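I have placed the structure first, in the form of structure tokens, so that the comments after it can refer back to it.
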There are 2 protein chains.
Amino acid sequence: MSVTIYDLAREAGVGIGTVSRCLNNHPSVSVETRAKVLEVVKRLSYQPHAYAQRLASKKTNTISAIIPFFTNYFFIQVLQGVQDKAAELGFDLILYGVNNPLQAEYYLRRSLHRGHVDGVMFFSMTLPESYVAKFQQTRLPLVLVDAYHPEFDSISVKNLEGAMMATRHLLKLGHTSIAMINASLSTQPARDRMEGYRAALEEAGLPFRNDRVFVSEIGKQDGFNREAGRASMEDLIGKNVGRDRATAVFIASDVQALGALEGAAELGVRVPEDLAIVSFDDIELAQHAQLTTMRQPMYEMGVLALEKLFARLKNPDAPPSQTTFLPSLIVRRSCGARVPSEQLV
Amino acid sequence: MSVTIYDLAREAGVGIGTVSRCLNNHPSVSVETRAKVLEVVKRLSYQPHAYAQRLASKKTNTISAIIPFFTNYFFIQVLQGVQDKAAELGFDLILYGVNNPLQAEYYLRRSLHRGHVDGVMFFSMTLPESYVAKFQQTRLPLVLVDAYHPEFDSISVKNLEGAMMATRHLLKLGHTSIAMINASLSTQPARDRMEGYRAALEEAGLPFRNDRVFVSEIGKQDGFNREAGRASMEDLIGKNVGRDRATAVFIASDVQALGALEGAAELGVRVPEDLAIVSFDDIELAQHAQLTTMRQPMYEMGVLALEKLFARLKNPDAPPSQTTFLPSLIVRRSCGARVPSEQLV
DNA sequence: AAGAACAGTGGAAGCGCTTCCATGAATATA
DNA sequence: TATATTCATGGAAGCGCTTCCACTGTTCTT
């Protein structure tokens, strides 16, 4: 019923091998033959059968992305990068969106099926230890994004440097008493962001003071949530008295900052007049809440993830390639810097 | 290198046909043989080769979803429904996220490749006329979501009824002078939402007045954007004087409502005290802005989309099945209804 | 007891491609 | 002129499965 290379071969008066070579841009086909075949291809509006190609060539031209839905905006942005690059490289993208680690395992298993995908991208979650061995064994390329494992290609964000940039921005605005609201130090991002905060202070000749760091771990996500941010802010405001009171605060994430904003409003503390805020992530709501924040290059991370996968496909034996991205400062109202209103995106 | 059914057959001392029948739950295999084969399957940790299966069986167990990224929250929610149902039915989902109709065409073409996917889902865009014929010709199942064409299965939202519900809610709160802010009447949703508004008014014995409808088409998306909402609100407030001034407004979309909120704040009009607002969509920001709005059952739409595709696969000759969903009222602060604070989600 | 019906089974054919090897023609080299 | 080299080409083999047909042995029917 549908047109196959046999039909093309018959119609063009050549062999199937030649047809295949034409279609795959093999060099050893004469110009005339190629033209003749391509004419027939067009005339019969031939479409290659994807799975036959894949079975014969042992390549799938398909990759899977296992990515948590709950990251919302990050999800969309990164995915867009992945998708665009996939289109450019001619890959199909199988999306495995998950809501919990259990689902993720199911899809990891599925991705490991022979001949299913050429590679896997795993986002924002910890790779279960049992799959480390499996991926190494099958040598199925795996790229971790917003995650890390020494044995695999990975992409992450320079949290320490980002936190430094955020803190420096507050310093440049003239603040000398800067507090920090952080999430659980059991997480690497929280630790890194605090180190960056500390480094920026010390760079400016200011002391790092433990009593200026407010950590709350209530709620989900190790304290990276609204309620924890609010609790920390209330804690901060309660203690923020006297001559050396903090006039600014660096908050480890936008979601916490949103909670903090609520807490401040409730207690009558004005932002940025009484307290300037810079946070981290640049989620969609950050714009709405006019948060000055550190933006992660989400789209670019998606693009790079696919590039890494592609490179790995070409060269399976290269050592793991780890890339970290530098976040960029997005200035909005919460830090008190004066910006022309049309720049308030 | 990898385990094939030939290995299984040899190891279990049976023929490949029997192995295949075991794997596919064919009835005509004796209980003992099946047990023996399945034991070997487990022992050798056999994984079927997806593409070989697909080539031989002429089924792909894969569907593609062509969906615009710019719908953001809608995108995520619907996708989640699609994905969950796909997982349940054992389908893989190839995601083709697009940013413009041109890209969409590319992916439509790609989806039409022989043996590539079993079906296509097309979201929130108008199906190009040239593809109508192609899909009918190839008989590749196509489901339209948040879109409509008489010849295909589709899922959409009851805009008219939703607008009626929104307006009725304001009526029930005691408002008798209700304005509307709308987007371009060149779009079906805008027309339907206005008709619903009109119907609710007339049902209550109130006149529909053209001077109470404010339309702005500035910006993108036919006026379904922030700036247009703001402009309309400023227009409304400027004219909203005298005894019969409007005390409430139904706004055709949340994004417009967000702009309207800004405009109102700027002009010193309090929401909901001076002006109650109900809008439409329930995007993520609606919660943050405390908008009372009409929620579309996005997740359910995704699920149903896949169910429709599945049904079409089973029964290619059934007449097109069109489903419309009824949106539901989400009460928050912007309408002025008193709700216990813990319900303010 | 002979034949029909049927449950189980093995394996060839075939899905539509890629790739390798063999072949023949054309060209270069001695 | 004889031989080596290169280029273009045809087509068989094979990717790993499903499915169909043919075959065997058993049970049922008359």
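Values below: all heavy atoms of this structure, side chains included; hydrogens, waters and symmetry mates excluded. Treat the numbers as computed from the prediction; the structure is a model and nothing was measured. All chains are named by letter (A, B, ...) in the order of the sequence lines, taking the proteins before the strands, and each is independently numbered beginning at 1.
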Worksheet entry | Comparing B:Leu55 and B:Val14 on DNA chain C - which has the more 5′ nearest nucleotide | B:Val14
Worksheet item: Are OP1 or OP2 of D:dA8 and a side-chain N or O of A:Thr18 less than 4.0 angstrom apart?
Response: no
Worksheet item: Whole Å only: how far is the CD1 atom of B:Ile5 from the C1' atom of C:dA12?
Response: 12 Å
Discussion item. For A:Thr33 and A:Ala56, find the nucleotide of DNA chain D closest to each by heavy atoms; which residue's nucleotide sits nearer the 5' end?
Written reply: A:Thr33
Worksheet item: NZ of B:Lys59 versus C1' of D:dT19: gap in Å, rounded?
Response: 12 Å
Practice prompt. For the side chain of B:Thr4, starting at C-beta, report the closest nucleotide among D:dT9, D:dC20, D:dC17.
Written response: D:dC17
Worksheet item: Closest nucleotide of DNA chain D for B:Arg21 versus for B:Pro48: which of these residues is on the 5' side?
Response: B:Pro48
Practice prompt. Output yes when A:Arg54 and A:Asp92 qualify as a salt bridge under the 4.0 Å nitrogen-oxygen rule, no when they do not.
Written response: yes
Practice prompt. Tell me whether the OP1 or OP2 atom of C:dC17 has a side-chain N or O from A:Ser57 closer than 4.0 Å.
Written response: no
Discussion item. Please tell me if A:Gln53 has a side-chain N or O lying less than 4.0 Å from either OP1 or OP2 of C:dG16.
Written reply: no
Worksheet item: With distance as the sole test, does A:Ser57 use its side chain to make a donor-acceptor pair with the main-chain N or O of A:Gln53 at under 3.5 Å?
Response: yes
Fill in: Heavy-atom donor-acceptor pair, B:Arg54 side-chain to D:dG16 base, under 3.5 Å
no
Worksheet entry | Interatomic distance, B:Ile16 CD1 vs C:dT9 C1' [rounded to whole Å] | 12 Å
Worksheet item: Roughly, in whole Å, what's the span from CZ in A:Arg10 to C1' in D:dG11?
Response: 15 Å
Worksheet item: Picking from B:Arg110, B:Gln103, B:Arg109, what satisfies side chain to side chain donor-acceptor pair (under 3.5 Å) with B:Tyr106?
Response: B:Arg110
Item to complete: Starting from P on D:dA8, measure out to CG on A:Asn25 and report it in whole angstrom.
Response: 15 Å
Discussion item. How many whole angstroms separate atom CG of B:Asn61 from atom P of D:dT18?
Written reply: 11 Å
Item to complete: Measure the distance from CD on B:Gln47 to C1' on D:dC17 and round it to the nearest whole Å.
Response: 15 Å
Worksheet entry | Side chain of B:Tyr6 (C-beta onward), nearest among D:dG10, D:dC17, D:dG16 | D:dC17
Discussion item. At less than 4.0 Å, is any side-chain N or O atom of A:Lys58 found next to OP1 or OP2 of C:dC17? Yes or no.
Written reply: no
Worksheet entry | Minimum-distance nucleotide to B:His49 side chain [options: C:dG10, D:dC17, C:dC17] | D:dC17
Worksheet entry | A:Lys36 NZ - D:dA8 P separation (whole Å) | 14 Å
Worksheet item: Name the one of A:Val82, A:Leu313, A:Val117, A:Thr60 that satisfies side chain to side chain contact (heavy atoms under 4.5 Å, CB included) with A:Phe91?
Response: A:Leu313
Item to complete: Kindly say whether, by distance alone, the side chain of B:Tyr51 makes a donor-acceptor pair under 3.5 Å with the base of C:dC17?
Response: no
Discussion item. I'd like to know if the side chain of B:Ser20 reaches the main chain of B:Thr18, judged simply by a donor and an acceptor atom lying under 3.5 Å from each other, with no hydrogens or angles considered.
Written reply: no
Fill in: Among C:dC17, D:dC17, D:dT18, the one nearest B:Ala52 by side-chain distance
D:dC17
Item to complete: Identify whether any heavy atom of B:Ser30 sits under 4.0 Å from a base atom; if not, whether one sits that close to sugar-phosphate; answer base, sugar-phosphate or nothing.
Response: sugar-phosphate
Discussion item. Quick check against the 3.5 Å criterion: does A:Asn315 have a side-chain atom that pairs as donor or acceptor with the backbone of A:Arg312?
Written reply: no
